[in-house]
Each structure stands twice: as structure tokens, then as C-alpha cells.
Number of protein chains: 2
Amino acid sequence: MSHSREDVISAAGRLFARDGYHGTSMRDLGRELGLLGSSLYSHVQGKQELLVAVVERGAGFFQAAADAALAVEGPASERLRRLIAGHLDVMLDHRDEVRTYLNEARSLEPASRERVVAARDRYEQAFRTVLKEGVADGSFRDDVDPKLAGIFVLSILNAVDRWYEEDGGLDRAALASQIADMVERGLRTG
Amino acid sequence: MSHSREDVISAAGRLFARDGYHGTSMRDLGRELGLLGSSLYSHVQGKQELLVAVVERGAGFFQAAADAALAVEGPASERLRRLIAGHLDVMLDHRDEVRTYLNEARSLEPASRERVVAARDRYEQAFRTVLKEGVADGSFRDDVDPKLAGIFVLSILNAVDRWYEEDGGLDRAALASQIADMVERGLRTG
DNA sequence: CCTACCGATCGGTAGG
DNA sequence: CCTACCGATCGGTAGG
């Protein structure tokens, strides 16, 4: 059986998400793919390169979703709802990459970690921008701190990975609107 | 220099919080205390025992804070504010234990992990109870789902560890009321 | 992608 | 708390 580099990265995401970067050995990863640990070195230069690839995949999915949400016309609150739904879609469709992105980025070497931190800041900026717009157009209260509110929304969203299972009574769209409703009530004027 | 078992557990918390359980070796921990890795085995039976001790410290701090908050008389919203402020106090006063509790519990062996999960459920129950009381006495909207709302509040609180630094412009009490205000606006009737 | 291997490091132990 | 050590496992390489 022959594997592509993409296969190796996906399998790495699976194991990093489950056992952590330090909890996963190259031999574990080989076993997951049905080959020896040493055989992985024909696909990648080293373990750290795999972590970089998985984390950058996760970051890329989030940024693509944010770009799409920001492009939507209409009121800021609509873009905020899209950001929330898009974040949930990315989390639930790419759970391994997202988990690795959220929990294992600290195991990146400094240079790549800095790039990931910058990407995370840029993504957070999308939330902050929409919140500022909502304050500016009067739909959100003017004592809303966009930075703090953005952090709170992202905190709720990122934690979803820790408790939510899609096969329960609450489907993805219902969860998205529960979060959006709760957040909007916290922000809205009047 | 002689060390107590408590010293060893505190140092373990420091390293587990910073480098993770799998990223910390017994030799690392020995170095932190000025002795050899093998010397630690006169204080503890093994590495896993240290993880259990650190995580249970973290869990214990949280439960003690919740018990105190629940004992406060008056409206449910006041107990909710106490739960929020108490959670922040525990996080910021015991950052290493809390970080280990939040991020490294998955490295516990099954038996102790189950105990920790049970303790976490019990703690979450405190939030749910107060939210239910608020719905019952009419101060919170009756379409508030106490389970979901509790998860959202705890999501915001637990994420604080990931971004907040106490020496910035926002002090601990101000952060607590920002969170409590935002949450209450999301819950309140009218 | 495997065989065969490297030096380093891991958690842990015996004995003092 | 140290000396001296154990077998297992780590990330990685040379050569095919």
C-alpha cells in the first residue's frame, strides 16, 4: 500500500489530536498507516514538520471561513452569525486539525509558532472588526469592548470541541443559533 | 537541601503546566528541585502519582470555591457572580495546578481520570443549579437552558488562562464583572 | 518502503 | 538523596 504525504499528515493529525504531540511517536504513526516509523522519513523530514503541517491546515480552514463570512453584505450582526456558524463548521468538519491547532501549537518550534500566533491574531481580528462595525452602526451597545467580546465569543466556540458530540439531540445549526442568540443578547442595544 | 512531598508536587505542577505531562521527564523535575531524577522516587512512587496529585489539587480548589459561593444567601444572580469571581480567583492564584487540571487530565490513567471527570461534573452542577434557581425565581428568562448556559460561562472562564495577564490594564475584579455583566445581560428577563 | 542500526533519553530499581 | 544501572523506547540515518 502506498501513501501520499497528505495521508501521512492526516494520520498525524489524528494521533496528535488524540495523544498529543509528545504522546505520539513516529512508530505509533507508522503503525497507524501500516508501515514502520523509519519509513515515514521518505515522506517528511521529521516529526516537527508534521506538526507544522497539521497546525497550518487547521489555521487555514479557520481563515478561509472568516474571509467568506466577512464578505457577506448586510448588517454586522449577520456577519457575526456567519463567523460563528463558520467556526463551528470548521471545528466539526476538521476536528483533528483543529484540536491539534488549539492544544499542540505550544510544541511548535519558535519560528513556526510565531507564524501561527500571527495567524490566530488575524483571525481574532475578524471577530473584532465585525463587533466594532456593530457598535458603530448602533446595533450593539457602545460600551461593548470589541476585543473582550471577541475573546468571549471565541472562548465559547473553541470550548465546543471539549463537550459537543454531533449525534446528540442538538444539531450543529441549533448549537450555532443558541450561541449566536446568547451572544447577541449580550451585545444588543436596548 | 531537603524537600517535602508538597515541594515536589508544586514543582511538578509548574513543569506539567509549562511543558505538559509527556513533555516533562523525571530528570527535568529533579533538575527543577536541584536533585537527580532517581532521587524523586523517595518522595513519590512514580510520575503518574504526581499528575494525580497536581490535578486533584486543582479540582479541590475549584470545588471549595463553588461550595463557598453556593452558601451565599440572596438572589441567584449574586451566587452566580460569586461563582464567576471564585473561579477566576482559583485560576489566577493556582495557575499551574489549574492549567494541568484543564490540559493534562487526559494523561491520567483510567481510574483517576474517571474520578476527575466526576469532580468536574459536580463542579459544573453548581453553575447549573444557580442558573436553574434564577429561571425559577423569574430573574432569568425561562427559555434559558441551564446546562448550555453553564457550559458557556465555564468556557469563557476557563479560556481566561489562555490570554489574560494580571499586570495589564484590566484587574481581576474588573474582568470578573465584565464577564458577569455580559453573562447576566444574556440571561436576564425583559 | 524495509533492514539494520545509532546515540540519547525515558521511567524506574537496588543498594547504600 | 546519590551511585550505578536496567530494559524499553525515542527521533532519526545509511543503504538498499
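Per chain, numbering begins at 1; letters A, B, ... match sequence-line order. Computation of the quantities below employed the complete heavy-atom set of this structure, encompassing side-chain atoms and omitting hydrogens, waters and symmetry-equivalent molecules. The structure displayed is predicted, hence computed values, not measured ones.
Atoms CG (A:Leu40) and P (D:dC10) sit 13 Å apart, rounded to a whole Å. For the pair B:Leu51 CG and C:dG11 C1', the computed distance is 14 Å after rounding to whole Å. Taking atom CE of residue A:Met26 and atom P of nucleotide C:dT9, one finds them 19 Å apart after rounding to whole Å. Rounded to whole Å, atom C1' of C:dC6 lies 13 Å from atom OH of A:Tyr41. Between the C1' atom of D:dC5 and the CG atom of B:Leu36 lies a distance of 13 Å, rounded to the nearest Å. Whole-Å rounding puts the B:Glu49 CD to C:dG11 P distance at 15 Å. Nucleotide C:dG11 holds its P atom 12 Å from the NE2 atom of A:His22, rounded to whole Å. When the C1' atom of D:dC1 is taken as reference, atom CG of B:Leu35 falls 7 Å away, rounded to whole Å.
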Before giving the answer on salt bridge (charged side-chain N to carboxylate O under 4.0 Å, His left out), spell out for B:Glu78 and B:Arg82 the whole-Å C-alpha distance, their side-chain angles and the decisive distance to 0.1 Å. CA-CA 6 Å; B:Glu78 177 58 26; B:Arg82 302 276 185 136; 2.8 Å; yes
Working note: B:Tyr101 + B:Phe61, criterion ring-ring contact (aromatic ring centres under 6.0 Å, His included); need CA distance, chi angles, decisive distance, verdict. CA-CA 11 Å; B:Tyr101 170 68; B:Phe61 290 137; over 10 Å; no
Evaluate the criterion side-chain contact (heavy atoms from CB on, under 4.5 Å) for residue pair A:His22 and A:Glu104; output intermediate values, then yes/no. CA-CA 9 Å; A:His22 288 301; A:Glu104 305 303 324; 5.9 Å; no
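Within 4.0 Å (heavy atoms only), B:Gly46 reaches sugar-phosphate atoms of the nucleic acid but no base atom. Among the atoms of the strands shown, base atoms are found under 4.0 Å from some heavy atom of B:Ser42.
For B:Ser39 and D:dC2, the shortest distance from a side-chain N or O to OP1 or OP2 is below 4.0 Å. Between D:dC1 and B:His43, a contact under 4.0 Å exists linking OP1 or OP2 to a side-chain N or O. Neither OP1 nor OP2 of C:dC2 sits under 4.0 Å from any side-chain N or O of A:Ser38.
The aromatic rings of B:His87 and B:Phe127 sit perpendicular to each other, their planes meeting at more than 60°, with 30° as the lower class boundary. B:Tyr21 and B:Phe16 have perpendicular rings, their planes meeting at more than 60° on a 0 to 90° scale where under 30° would count as parallel.
Take the nearest nucleotide of DNA chain C for A:Gly34 and for A:Arg27: the residue whose nucleotide is more 5' is A:Gly34. Judged by closest nucleotide on DNA chain D, A:Asp28 is the one of A:Asp28 and A:Gln45 placed further toward the 5' end.
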Taking Watson-Crick (N1-N3 plus N6-O4 or O6-N4) and G-U wobble (N1-O2, O6-N3), each under 3.5 Å, can you produce the dot-bracket string of DNA chain C? Use [ ] for crossing pairs and | for inter-strand ones. ||||||||||||||||
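Of the N and O atoms on the side chains of B:Gln125 and B:Asp121, not one donor lies less than 3.5 Å from an acceptor on the other residue.
Pairing each heavy atom of A:Leu70 with each of A:Arg79, the nearest pair is O-CD, 3.4 Å.
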